[in-house]
Amino acid sequence: MLKTYTYPKFDYVRPPELAEQRDGHYPVVVVGAGPVGLTMAIDLAQQGQRVLLLDNDDTVSIGSRGVCYAKRTLEVLDRLGCGTPCVDKGTSWDVGRTFFGEGEVFHFNLRPQEGHQRPGMVNLQQYYLEDYLVQRARALPNLEIRFKNNVIAVEQDAEKATLRVETPDGAYTLTTDWLVVADGARSPIRRMLGLDIEGKIFMDRFLIADVVMKADYPAERWFWFDPPFHRNQSVLLHKQADNVWRIDFQLGWDADPEVEKRPENVIPRIKAMLGDEREFELEWVSVYTFQCRRMGRFNHNRVLFVGDAAHQVSPFGARGANSGIQDADNLAWKLKLVLDGKAPASLLDSYSAERCYAADENIMNSTRSTDFITPKSKTSKAFRNAVLELAQDYPFARALVNSGRLSVPTWLVESPLNTPDADAFAGNMIPGAPMDDAPVQGGRGSWLLAGMDSQFQLLYYVEDAGSLDAATVQSLAALADAPIPVLATVVAARGQAPAPLPTLIDAQEAIRSRYDMQHGTCYLLRPDQHVAARWRQLDAAQVRAAVARATGNA
């Protein structure tokens with residue numbers, strides 16, 4: 001098969017524990033150098049934390065695997081220094097089209113509102129994302145990656161986790177204060193600890209074919225129900241980098257995976273879809289089934305589970321890697337506060353609570369998508385087909401069409417870390433909401449989210465930043481002088497705030513509109529860019545109380 005990508009070979013280095021014949025200890029060990037484990041390790045290292053990352057392989061993932069990275073994930077990757085190469089290399093898209101038979105049922109736009117830096121989705125083969133993340137990780141001096149280091153045993157007590165690690169040179173032992181497990185859906189460490197994961201296995205099979213071809217199809221998501229080239233089944237088409245197109249064919253549960261992967265069986269399916277005149281070459285073929293399930297909780301004493309190790313969903317809706325990266329985004333700042341002694345270990349319970357809620361939301365949407373795509377009875381199929389027929393002419397039916405509700409960030413509106421509103425606000429930026437981006441002038445970029453670091457931030461709005469009085473400037477600046485600092489930024493229509501306060505100019509009034517800003521309005525933002533609290537006027541005591549609540553110190 002044709003190869004458009006050269007897989008890197010990462011060097012194995014003899015661990016010092018073996019060279020010096022001693023046990024090692026690390027504050028944080030992350031297991032699994034996939035997108036989620038790398039995200040977790042980089043996020044902690046960027047905050048100044050020493051991290052050891054272990055992986056049992058010495059290259060990136062084989063095949064495209066995860067393909068779609070949502071706007072929220074791209075914003076997280078921006079903070080890690082990897083967003084731009086992903087967008088530059090990948091295929092950006094906002095429009096998805098759904099077909100039934102030979103006709104289009106309807107289409108949707110993931111970004112109907114302008115004034116956001118990132119597109120609704122970027123399609124990029126997983127190996128590219130992992131490559132960019134490894135490059136970033138290797139640039140951080142306090143992050144050590146060990147390839148060909150396979151964890152073969154894990155134990156824990158109240159104070160630490162103990163790992164036995166096998167290498168080409170033999171096995172060694174290390175301990176860690178906190179173990180973050182990102183070792184995938186089959187998670188050997190989950191099994192070592194005897195932890196359960198529960199859910200549903202879907203009785204269907206799908207064929208993935210990565211096809212290299214030059215085609216003038218638009219960069220959109222196309223999904224067919226019962227197309228003429230693959231009757232009574234579904235098909236999905238995505239464009240990726242390097243003229244690679246991802247095609248998913250529904251096969252049915254009775255299909256033999258090994259037989260279906262043979263080129264002599266794959267190529268006729270693709271020709272039926274594309275036509276005999278279209279030239280293409282196969283790059284990667286796989287057959288998959290899927291499950292929707294999760295662990296009962298994601299934190300177990302000194303061991304924390306993220307990504308597929310903690311929860312799995314169907315691929316429809318691009319909720320796997322996206323939700324896993326958001327797990328790491330949620331956990332990293334909390335774990336850093338615990339490691340620094342600035343928050344109790346019980347703060348990690350909120351990681352499990354918030355991300356279990358997110359997993360349940362993803363599983364619900366993923367299950368509904370799968371049930372619609374693969375109806376299991378004649379009655380449900382008749383209902384599905386009736387919905388598709390009606391959707392061509394009636395908007396009410398389009399809301400019922402479900403070819404994969406695409407990944408969006410979870411709104412943590414029920415989180416105990418939120419401070420409830422005491423003032424009246426309009427708009428969507430309620431406590432627990434993920435921040436909306438907006439164009440700005442000033443700061444470190446042209447976008448609001450580009451200036452958001454992995455720390456607590458306060459946005460303070462005035463019409464003219466130059467009109468701030470000395471008492472307000474002093475009160476805002478003093479928020480940074482605390483055990484858990486809050487960086488205050490003035491948002492204004494014009495002017496420049498007195499030093500040391502940074503100023504963002506809301507030239508297009510997008511922040512004012514999206515955040516319902518009025519003179520004196522304040523927004524407290526978490527390090528993972530969720531709204532923690534908001535007020536109509538500044539009260540430093542209220543801000544400190546909200547920070548305490550958001551960090552488990554209240």
Decide yes or no on salt bridge (charged side-chain N to carboxylate O under 4.0 Å, His left out) for Lys334 and Glu354, but give the supporting numbers first. CA-CA 12 Å; Lys334 297 174 180 177; Glu354 290 181 348; 2.8 Å; yes

Salt bridge (charged side-chain N to carboxylate O under 4.0 Å, His left out) assessment of Lys71 paired with Asp94: CA-CA 10 Å; Lys71 176 178 177 289; Asp94 296 306; over 6 Å; no

Starting at [atom1] of [X], measure out to [atom2] of [Y] and round the result to the nearest 0.5 Å.
X: Gln441; Y: Thr503; atom1: CD; atom2: OG1; value: 12.0 Å
X: Cys82; Y: Leu74; atom1: SG; atom2: CG; value: 11.5 Å
X: Leu237; Y: Arg221; atom1: CG; atom2: CZ; value: 10.5 Å
X: Ile430; Y: Asn418; atom1: CD1; atom2: CG; value: 8.5 Å
X: Gln457; Y: Leu479; atom1: CD; atom2: CG; value: 11.5 Å
X: His107; Y: Arg398; atom1: NE2; atom2: CZ; value: 9.0 Å

Any side-chain donor paired with an acceptor under 3.5 Å for [X] and [Y]?
X: Asp349; Y: Ser346; value: no
X: Arg72; Y: Gln529; value: yes
X: Gln135; Y: Asp131; value: yes
X: Arg549; Y: Thr419; value: no
X: Asn322; Y: Gln326; value: no

Candidate pair Tyr523 and Ile511, rule side-chain contact (heavy atoms from CB on, under 4.5 Å), full reasoning: CA-CA 11 Å; Tyr523 272 79; Ile511 300 177; over 6 Å; no

Is the [atom1] atom of [X] crowded by more than 12 outside heavy atoms at less than 6.0 Å?
X: Asp423; atom1: CG; answer: yes
X: Arg536; atom1: CZ; answer: yes
X: Gln518; atom1: CD; answer: yes

For [X] and [Y], work out which heavy atoms get closest and say how close.
X: Ala332; Y: Leu44; value: O-CD2, 3.5 Å
X: Gly320; Y: Val313; value: N-CG2, 3.9 Å
X: Asp327; Y: Gly307; value: OD2-N, 2.9 Å
X: Pro344; Y: Val338; value: O-CG2, 3.4 Å
X: Leu501; Y: Ala477; value: CD2-N, 3.9 Å
X: Arg294; Y: Ala359; value: CD-CB, 3.9 Å

So Val401 and Phe372, side-chain contact (heavy atoms from CB on, under 4.5 Å) or not? Walk me through it. CA-CA 8 Å; Val401 176; Phe372 192 86; 4.2 Å; yes

Set out, in order, the CA-CA distance, both residues' side-chain angles and the distance that settles side-chain contact (heavy atoms from CB on, under 4.5 Å) for Val30 and Leu54, then state yes or no. CA-CA 6 Å; Val30 179; Leu54 305 176; over 6 Å; no

Quick one: does [X]'s side chain have a donor or acceptor within less than 3.5 Å of a partner on [Y]'s backbone?
X: Asp516; Y: Ala426; answer: yes
X: Thr367; Y: Met364; answer: no
X: Asn243; Y: Lys214; answer: no
X: Arg136; Y: Leu80; answer: yes
X: Arg355; Y: Ser323; answer: yes
X: Arg302; Y: Asp177; answer: yes
X: Ser64; Y: Gln125; answer: no
X: Ser513; Y: Ala510; answer: no
X: Thr176; Y: Val29; answer: yes
X: Gln49; Y: Pro27; answer: no

Does [X] reach the side chain of [Y], with side-chain heavy atoms less than 4.5 Å apart?
X: Asn365; Y: Asn402; value: no
X: Asp308; Y: Val36; value: no
X: Thr472; Y: Tyr460; value: yes
X: Phe305; Y: His311; value: no
X: Val547; Y: Arg544; value: no
X: Thr39; Y: Leu133; value: yes
X: Trp245; Y: Thr91; value: no
X: Phe10; Y: Ile145; value: no

Tell me, please, which residues at least two apart from Glu463 pass salt bridge (charged side-chain N to carboxylate O under 4.0 Å, His left out).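 Scan of Glu463 (salt bridge (charged side-chain N to carboxylate O under 4.0 Å, His left out), adjacent residues dropped) gives Arg494, Arg512.
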
Residues forming a salt bridge (charged side-chain N to carboxylate O under 4.0 Å, His left out) with Asp88, sequence neighbours excluded: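 Salt bridge (charged side-chain N to carboxylate O under 4.0 Å, His left out) check on Asp88 returns nothing, list empty.
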
Does the side-chain contact (heavy atoms from CB on, under 4.5 Å) test come out yes or no for Leu412 and Leu417, once each step is laid out? CA-CA 9 Å; Leu412 305 172; Leu417 304 188; over 6 Å; no

Of the options Asp437, Asp436, Asp78, which is the one that meets Arg118 in a salt bridge (charged side-chain N to carboxylate O under 4.0 Å, His left out)? Asp78

Check the orientation of [X] and [Y]. Use parallel for under 30°, tilted for 30 to 60°, and perpendicular for over 60°.
X: Tyr7; Y: Tyr5; answer: perpendicular
X: Trp224; Y: Trp222; answer: perpendicular
X: Phe456; Y: Trp333; answer: perpendicular

Asp242: partners by side chain to side chain donor-acceptor pair (under 3.5 Å), with sequence neighbours left out: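 Partners of Asp242 under the side chain to side chain donor-acceptor pair (under 3.5 Å) test: Lys89, Tyr128.
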
Taking the cut-offs as 6.0 angstrom to the six-membered ring centre and 45 degrees off its axis, would you call Arg534 and Phe425 a cation-pi pair? yes

I need the single residue from Leu538, Leu476, Asp539, Leu459 that forms a side-chain contact (heavy atoms from CB on, under 4.5 Å) with Cys522. Which is it?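 Per the side-chain contact (heavy atoms from CB on, under 4.5 Å) rule, the option paired with Cys522 is Leu538, out of Leu538, Leu476, Asp539, Leu459.
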
